[in-house]
A.B. asks: 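Here you go, one structure.
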2 protein chains.
Amino acid sequence: MVGNMSKAQEKPSSAKRDHLVDTALELFTEGGYHAVGIDAVLARAGVAKMTLYNHFPSKEDLIVAALARKAEQSAQGLEKALAAAGAEPRAKLLAIFDWLEVWFRSKEFRGCIYIKAASEYPRKKDKPHQAALAFKETRLELLRGLCRQAGVKDAETLAWQLSLLAEGAIVVAFMHARPEAARDAKAAAATLLAKAKN
Amino acid sequence: MVGNMSKAQEKPSSAKRDHLVDTALELFTEGGYHAVGIDAVLARAGVAKMTLYNHFPSKEDLIVAALARKAEQSAQGLEKALAAAGAEPRAKLLAIFDWLEVWFRSKEFRGCIYIKAASEYPRKKDKPHQAALAFKETRLELLRGLCRQAGVKDAETLAWQLSLLAEGAIVVAFMHARPEAARDAKAAAATLLAKAKN
DNA sequence: CAATAAATAGACAGGTCTGTATATTTCTTG
DNA sequence: CAAGAAATATACAGACCTGTCTATTTATTG
C-alpha cells in the first residue's frame with residue numbers, strides 16, 4: 001500500500017463504513033452526541049468495535065463523518081427543491097421555507113444537528129464544532145448567491161436576515177413542536193424581499 | 001419539622017445552595033450539560049458532594065435550578081430594557097433586539113442555555129427539557145402581549161415571527177460569532193412591524 | 001451553654017465511557 | 001485454492017460518571 005501511512009487515518013469508503021455512519025447519524029440525531037455512546041451505535045449497526053476504530057481514529061471523527069453525510073443528503077434535497085421552484089431567484093428563496101416545512105413535518109425531525117454539534121462541542125478547535133460551522137457557512141453562501149441574483153439593494157444584509165428566519169424557524173419548530181414556523185418565516189421572508197427590492 | 005417529608009425534596013434557599021446554582025449555571029453555560037460533571041461544579045464552588053445532594057435530588061434538578069436562576073436574571077434585565085424604551089409597544093418590541101445585542105457582545109455570551117437544554121435532553125419528559133420549553137413559552141407570551149398592545153392586524157403571527165428573528169439571531173450570533181445579527185434582526189422586525197400596522 | 005441542623009471529607013458502589021490488544025474467523029481476489 | 005485483507009468476538013485498561021454511606025466537624029439558635 002503506497003501513500004500516507006502516518007497513522008489513525010480515515011480509510012476510504014466501504015459498505016461497513018457507510019452503514020456505521022448512517023447508524024451514527026440516526027442515533028446522534030435522536031439522542032445527542034455525549035448522551036449516545038459508541039457502544040449504542042455499534043449495537044444498532046451490528047458492527048464490531050474494532051471495525052469502527054479501523055475506519056475512524058475517534059468518536060469525534062465518526063461524528064464529523066455523520067455531519068458530512070447529513071450535509072450531502074440535505075444539499076441534495078435542497079437542490080432538488082430549488083430546481084423545482086423555477087428560474088426566479090425570489091421564487092427559489094421562498095421555496096427554501098416550503099422545503100423546511102416538509103422537513104419540520106417529517107417524523108424524523110429532531111432539530112438541527114449542526115446547532116447541536118456546535119453546542120455540545122463549544123470550543124472552536126473541536127472537530128464537530130468546525131464541521132458544523134462550515135455547514136452553516138455553506139448555507140449562508142447559497143443564500144448570498146440567491147440574494148445577489150435577485151438584484152436587491154443590500155444582498156448581504158438580506159442574506160443574513162433570511163438566515164435568521166431559517167435558523168429561527170428550525171429552533172421554534174423543534175422546541176415548540178410547531179412546523180407552522182416555516183409558514184411564518186416564509187411570510188416574513190416575502191415581506192423582507194419586497195422591501196429590499198431594487 | 002412539620003410539612004411534607006416524603007423524600008428527596010428540594011430544600012429552601014440558602015447561601016450554599018445559591019452559590020451552587022450560580023456555579024452550575026456558569027459551568028453548564030460554558031461546557032454543556034453532559035460534558036460537565038457535578039464534580040467539576042463542586043470543585044469550582046468549593047462545596048461538598050453531600051451538600052449538593054442534600055439540596056437537590058439529582059443532577060437534573062440542579063440543572064433545572066440553574067435554568068430558573070438564569071430565567072430570573074434574564075427577565076429582570078429585559079424588564080429594565082423595556083421600561084427604558086418608553087411607553088410605546090413598538091419601541092419596546094424593537095428595544096428587545098438592542099438588548100439582545102448587548103448580550104451578544106458580552107464576553108460571557110455562549111448561546112442560549114434553553115435551546116441547549118432542550119437539545120441535550122430531547123425527551124419531553126426530561127425535566128431540563130420542560131424547564132426550557134416553559135421559558136420559551138413565557139418569552140413568547142411577552143411578545144404576544146406587546147404585539148397586541150401595538151394594535152397590529154395579526155398579533156399572533158407577528159409574535160411568532162418576531163420570535164423567529166430573536167431565536168435566529170441568538171443562533172447566528174453564537175455559531176458565526178456575529179453580534180451584528182441583532183441589528184439585522186431589528187431591521188427585519190421594523191419592516192414586519194410596519195407592514196403589520198393596523 | 002446545649003441541642004439541633006448543616007456542611008464537611010473521604011471512601012465507595014455500580015455503572016458507563018472511549019480506546020486498545022489479541023487471537024480468530026470471514027471475506028476478497030489474484 | 002491460496003494469500004492477504006477485513007471484520008469479528010472478547011477481554012481489558014483507565015478514566016469518568018452519578019449517587020450513597022459514614023463519621024466528623026462546623027454553624028446556628030433556643
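On a predicted model such as this, the values are computed, not experimentally measured, just so you know. Letters go in sequence order (proteins before strands), and every chain restarts at 1.
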A.B. asks: Can you measure A/Asp18 atom CG to D/dA7 atom P for me and round it to whole angstrom units?
C.D. replies: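 Between P of D/dA7 and CG of A/Asp18: 11 Å.
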A.B. asks: In terms of side-chain geometry, is the basic nitrogen of A/Arg183 or A/Glu180 positioned less than 4.0 Å from the acidic oxygen of its partner?
C.D. replies: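 The answer is no: the pair does not qualify as a salt bridge.
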A.B. asks: Starting the side chain at C-beta, find the nucleotide from C/dT20, C/dA9, D/dT18 nearest to A/Tyr53.
C.D. replies: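 Out of C/dT20, C/dA9, D/dT18, the nucleotide with an atom closest to A/Tyr53's side chain is C/dT20.
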A.B. asks: To the nearest Å, give me how far apart CG (B/Asp39) and C1' (C/dC17) are.
C.D. replies: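 The distance from CG of B/Asp39 to C1' of C/dC17 comes to 15 Å, rounded to the nearest Å.
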A.B. asks: Is the distance between the ring centroids of B/His34 and B/Phe28 less than 6.0 Å?
C.D. replies: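 That pair fails the under 6.0 Å test.
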A.B. asks: Quickly work out the B/Phe56 CZ to D/dT20 P distance and round it to whole Å.
C.D. replies: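 Roughly 15 Å, once rounded to whole Å.
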A.B. asks: Nearest to the A/His55 side chain among D/dA7, C/dT18, D/dG19, which nucleotide is it?
C.D. replies: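 Side chain of A/His55 sits closest to D/dA7.
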A.B. asks: Starting from P on D/dT20, measure out to CG on B/Leu42 and report it in whole angstrom.
C.D. replies: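 Rounding to the nearest Å, CG of B/Leu42 and P of D/dT20 are 14 Å apart.
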A.B. asks: Considering every strand and a 4.0 Å limit on heavy-atom distances, what is the contact class for B/Lys16: base, sugar-phosphate, or nothing?
C.D. replies: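 The residue B/Lys16 makes sugar-phosphate contact but no base contact.
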A.B. asks: Ignoring the backbone of B/Lys59, work out which of C/dT8, C/dT18, D/dT18 is nearest its side chain.
C.D. replies: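 The nucleotide sitting nearest to the side chain is D/dT18.
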A.B. asks: For residues B/Arg139 and B/Ser74, is any side-chain donor paired with an opposing acceptor at under 3.5 Å?
C.D. replies: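 A pair is found: one side chain offers a donor N or O, the other an acceptor, under 3.5 Å apart.
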A.B. asks: With a 6.0 Å cut-off on the ring centroids, do B/His129 and B/Tyr114 count as close?
C.D. replies: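 No, too far apart.
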A.B. asks: Using atom CZ of B/Arg17 as one end and atom C1' of C/dA5 as the other, report the distance to the nearest whole Å.
C.D. replies: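 For the pair B/Arg17 CZ and C/dA5 C1', the rounded distance is 18 Å.
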A.B. asks: Side chains of A/Ser58 and A/Asp61 only: does a donor on one sit below 3.5 Å from an acceptor on the other?
C.D. replies: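 Indeed, the side chains of A/Ser58 and A/Asp61 share at least one donor-acceptor pair under 3.5 Å.
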A.B. asks: What integer distance in Å separates A/His34:NE2 from D/dT18:C1'?
C.D. replies: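 Checked: the NE2 to C1' distance equals 16 Å.
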A.B. asks: CG of B/Asn54 versus P of D/dT18: gap in Å, rounded?
C.D. replies: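 After rounding, the gap between these two atoms is 17 Å.
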A.B. asks: Measure from the side chain of A/Thr51, starting at C-beta and using heavy atoms only, and say which of C/dG19, D/dA7, C/dT8 lies closest.
C.D. replies: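 Between C/dG19, D/dA7, C/dT8, the one nearest the side chain of A/Thr51 would be D/dA7.
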A.B. asks: What integer distance in Å separates A/Ile38:CD1 from D/dC16:C1'?
C.D. replies: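 Atom-to-atom, A/Ile38 to D/dC16, this comes out as 15 Å.
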A.B. asks: A/Met50 has a side chain; which of C/dA21, C/dG19, D/dA7 sits nearest to it?
C.D. replies: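 For A/Met50, the side-chain atoms sit closest to C/dA21.
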